[in-house]
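Contents: one structure, followed by commentary.
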Amino acid sequence: MQLRVEKLRVSYGNIKALHEISFSVKAGEILTIIGANGAGKSTTLRAISRMIPAHPESILEFEGKNLLKYSADKVVSALGISHVPEGRRIFGNLTVTENLILACFARKDKKQIARNKKWVFDLFNRLEERKKQLAGTLSGGEQQMLAVGRAYMSGRKIMLLDEPSMGLAPLLMLDMFKALKEINSQGTTILLVEQNARLALKFARRGYVIENGNLILEGPAEELLTNPDVKKAYLGA
Amino acid sequence: MELLQYILQNLINAAERGSFYAVISIGYSMVYGVLMLFNFAHGDIFMVGAYIGFGIATLFIGIFAGLLPAPLIFLATVVTTMFLVSWVGVFVEVAGYRPLRNAPRASAAITGLMIGIIFETGVLILLGATRLSFPPLMKSVTYHVGGIYITNVKAMIIIISLLLMVALHAFIQKTKWGMAMRAMSYDFLAVPLMGVSINTIAPLTFAMGAGLASVAGILYGQAYPILDPYMGVIIGWKAFVAAILGGRGSIKGAAFAGYLLGFIEIFVATIFPSTLRDLIAYSIILIILSFKPRGFFGMEHSTKLRL
């Protein structure tokens with residue numbers, strides 16, 4: 001297991017956002033967690049990337065290392081966990097290239113950085129065309145490409161993706177998921193949370209369903225796609 | 001012709017005064033840009049900078065006078081003081097603001113005020129109430145150009161301030177630390193996701209602001225050589241006014257408004273009795289602010305996103 005999450009509990013003040021959820025991710029796989037708005041999907045990712053504190057009794061292990069001992073920046077720079085946050089959160093006042101370079105802040109391997117950057121530009125040609133532009137002037141789709149490219153630059157062991165399809169036109173959405181497959185084929189594990197359950201389950205091999213801060217179902221993606229409860233609740237059929 | 005000379009003379013005086021405000025107010029804006037709080041100890045960091053500069057200048061003049069050329073002693077004083085006072089800035093961030101990073105904004109604000117009071121009384125206890133006089137780091141020469149008088153000290157204050165701002169601009173635009181500072185001013189919470197530690201960038205920002213203020217302290221000591229533990233209070237508040245007038249978090253705005261403040265003060269003083277100077281000057285600024293409540297380079301709304 002590359003990532004082991006056990007009895008993860010997160011509260012915002014008195015409100016319990018996650019009640020003891022447990023799951024694990026194998027190296028190289030594509031895993032998705034689907035669920036409604038507010039079910040705890042983003043909270044799960046934020047707890048893993050240490051953007052928000054988890055209950056100290058929770059177990060969060062990445063490659064055998066206790067994530068609770070790492071700060072948010074070390075999770076990225078020391079462990080190679082990257083996070084594409086909800087709403088992209090690109091730095092609009094920096095150029096496209098600067099956004100990519102900033103993601104390598106803690107890296108010293110200059111040659112590898114240049115290679116990764118070239119790879120990102122090959123994957124997303126639009127970004128290369130606009131590399132000197134301020135990121136705030138990009139279209140929504142391009143900003144999403146930049147958010148993913150930037151995450152790739154920051155760490156390539158596992159990528160946590162929070163609703164990468166949000167606000168994208170259907171065609172762009174498919175392009176985005178093709179690019180994510182490409183990133184996965186380079187050896188990066190992908191943990192995807194999505195409201196767009198159909199898309200996520202077609203893309204992933206395995207899935208979990210989260211409801212009110214609890215994981216209620218787990219299984220191969222194709223099984224979840226045909227599960228009557230999932231169909232009714234999340235696939236609109 | 002005489003009027004033109006008169007105006008030019010006052011422009012030079014205004015540029016000198018504005019240089020102090022600009023260099024100090026940049027420190028407020030840098031910290032605000034990165035952490036979204038105003039460091040109200042900044043005026044007192046300027047004061048501490050002047051005192052440390054005084055100590056270093058006295059020491060260096062004592063050792064090197066006659067051995068080294070005066071400009072070199074001056075440079076060594078500036079560099080050493082900047083280095084030492086940067087650590088004062090780091091201390092203020094680590095000891096004062098870091099423990100309160102997630103506390104309500106008002107708590108962080110009074111932290112700055114308290115640190116300021118501690119610095120003032122600390123200097124008072126250490127050095128006593130006698131006013132110290134800053135040793136001149138260069139022999140004063142007055143140039144007379146086309147009916148305008150300018151001393152070498154004044155010219156140096158204006159030039160060094162400009163050089164500092166150019167260097168700061170280059171740092172912020174060209175280095176990865178500067179890039180991280182800009183990123184923080186846009187989205188504080190997304191920065192750690194880039195593998196950048198806020199506990200690196202925040203103290204660096206404080207250090208740079210404090211370093212700039214310390215140079216202002218030395219330059220101030222050359223123009224007005226009397227040191228006083230409370231010398232940072234008024235000038236600190238005025239520089240804070242410049243930081244707001246320039247637009248919160250905008251370094252360009254802080255520099256611009258710092259000079260503007262200098263110009264308004266000097267030109268008001270040429271027309272009205274000097275006892276009314278601040279009353280009138282700051283009434284003018286109040287009127288400007290009522291028309292531009294976000295300052296000159298302030299963003300329409302904060303682009304900062306929060307969780």
Side-chain angles (χ1 to χ4, degrees), chain A residues 10 12 17 42-43 45-53 70-95 97-108 110 113 134-136 146-147 150-156 159-162, chain B residues 29-30 32-36 94 98-99 101-104 169-205 247-253 294 297-307:
Chain A
V10 177
Y12 295 112
S42 298
T43 303
L45 295 193
R46 286 174 189 161
I48 296 168
S49 65
R50 306 286 291 133
M51 279 176 90
I52 53 170
Y70 288 77
S71 59
D73 59 293
K74 287 286 183 299
V75 165
V76 181
S77 60
L79 301 178
I81 298 176
S82 61
H83 184 171
V84 180
E86 189 179 7
R88 303 170 190 125
R89 316 272 299 241
I90 51 128
F91 301 108
N93 60 340
L94 268 56
T95 66
T97 303
E98 284 178 333
N99 267 275
L100 295 175
I101 295 301
L102 183 66
C104 309
F105 189 86
R107 291 174 61 183
K108 301 269 186 291
K110 278 199 175 147
I113 290 173
L134 287 183
L146 181 57
R150 191 179 68 167
Y152 180 82
M153 302 290 286
S154 71
R156 282 160 308 290
M159 193 181 283
L160 316 177
L161 289 138
D162 197 338
Chain B
S29 282
M30 285 179 75
Y32 184 85
V34 167
L35 291 177
M36 255 178 116
V94 173
R98 191 174 297 181
R101 201 172 281 164
N102 297 315
H169 180 77
F171 179 88
I172 287 175
Q173 292 302 321
K174 303 287 180 212
T175 70
K176 68 172 184 176
W177 295 280
M179 210 188 278
M181 286 176 184
R182 282 184 284 143
M184 272 181 85
S185 75
Y186 193 80
D187 188 343
F188 179 99
L189 286 163
V191 165
L193 297 181
M194 304 297 104
V196 182
S197 170
I198 286 174
N199 290 343
T200 306
I201 304 305
L204 177 68
T205 309
R248 287 186 295 177
S250 166
I251 292 170
K252 180 172 60 173
R294 291 176 200 286
F297 296 93
M299 281 176 273
E300 262 310 298
H301 53 84
S302 174
T303 50
K304 262 183 204 229
L305 302 163
R306 296 271 157 183
L307 269 178

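Per chain, numbering begins at 1; letters A, B, ... match sequence-line order.
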Roughly how far, to the nearest 0.5 Å, is CE of B:Met194 from NE2 of A:His83?
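Interatomic distance, A:His83 NE2 to B:Met194 CE, rounded to 0.5 Å: 9.5 Å.
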A:Asn99 side, atom CG; B:Met179 side, atom CE - distance, nearest 0.5 Å
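That separation rounds to 9.0 Å.
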Taking A:Ser42, A:Ala72, A:Cys104, A:Ala103 one by one, which has the highest count of heavy-atom pairs under 4.5 Å against chain B?
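Of the options given, most contacts go to A:Ala103.
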Looking only at A:Ile81, A:Val84, A:Asn93, A:Val75, the option with the highest number of non-hydrogen pairs under 4.5 Å against chain B is A:Asn93
Look at B:Ala190, B:Ala180, B:Gly195 and state which one has the largest set of heavy-atom pairs under 4.5 Å with chain A.
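So the answer, after comparing B:Ala190, B:Ala180, B:Gly195, is B:Gly195.
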A:Arg50 portion near chain B, given a 4.5 angstrom heavy-atom threshold:
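Contact with chain B involves no heavy atom of A:Arg50 at all.
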Is any side-chain heavy atom of [X] closer than 4.5 Å to a side-chain heavy atom of [Y]?
X        : Y        : answer
B:Leu193 : A:Ser154 : no
A:Arg89  : B:Leu189 : yes
B:Tyr186 : A:Ile90  : no

Of all the heavy-atom pairs spanning A:Leu94 and B:Ala183, show the shortest one and how long it is.
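Distance-wise, the nearest heavy atoms are CD1-N, 3.9 Å.
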Identify the two heavy atoms, one from A:Phe91 and one from B:Asp187, that lie closest to each other, and give their separation to 0.1 Å.
CE2-O, 3.6 Å
Side chain to side chain donor-acceptor pair (under 3.5 Å) involving A:Ser77 - partner list, sequence neighbours excluded
none
Results of side chain to side chain donor-acceptor pair (under 3.5 Å) for A:Thr43 - residues two or more places apart only:
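Partners of A:Thr43 by the side chain to side chain donor-acceptor pair (under 3.5 Å) criterion, ordered by chain and then number, come out as A:Tyr12.
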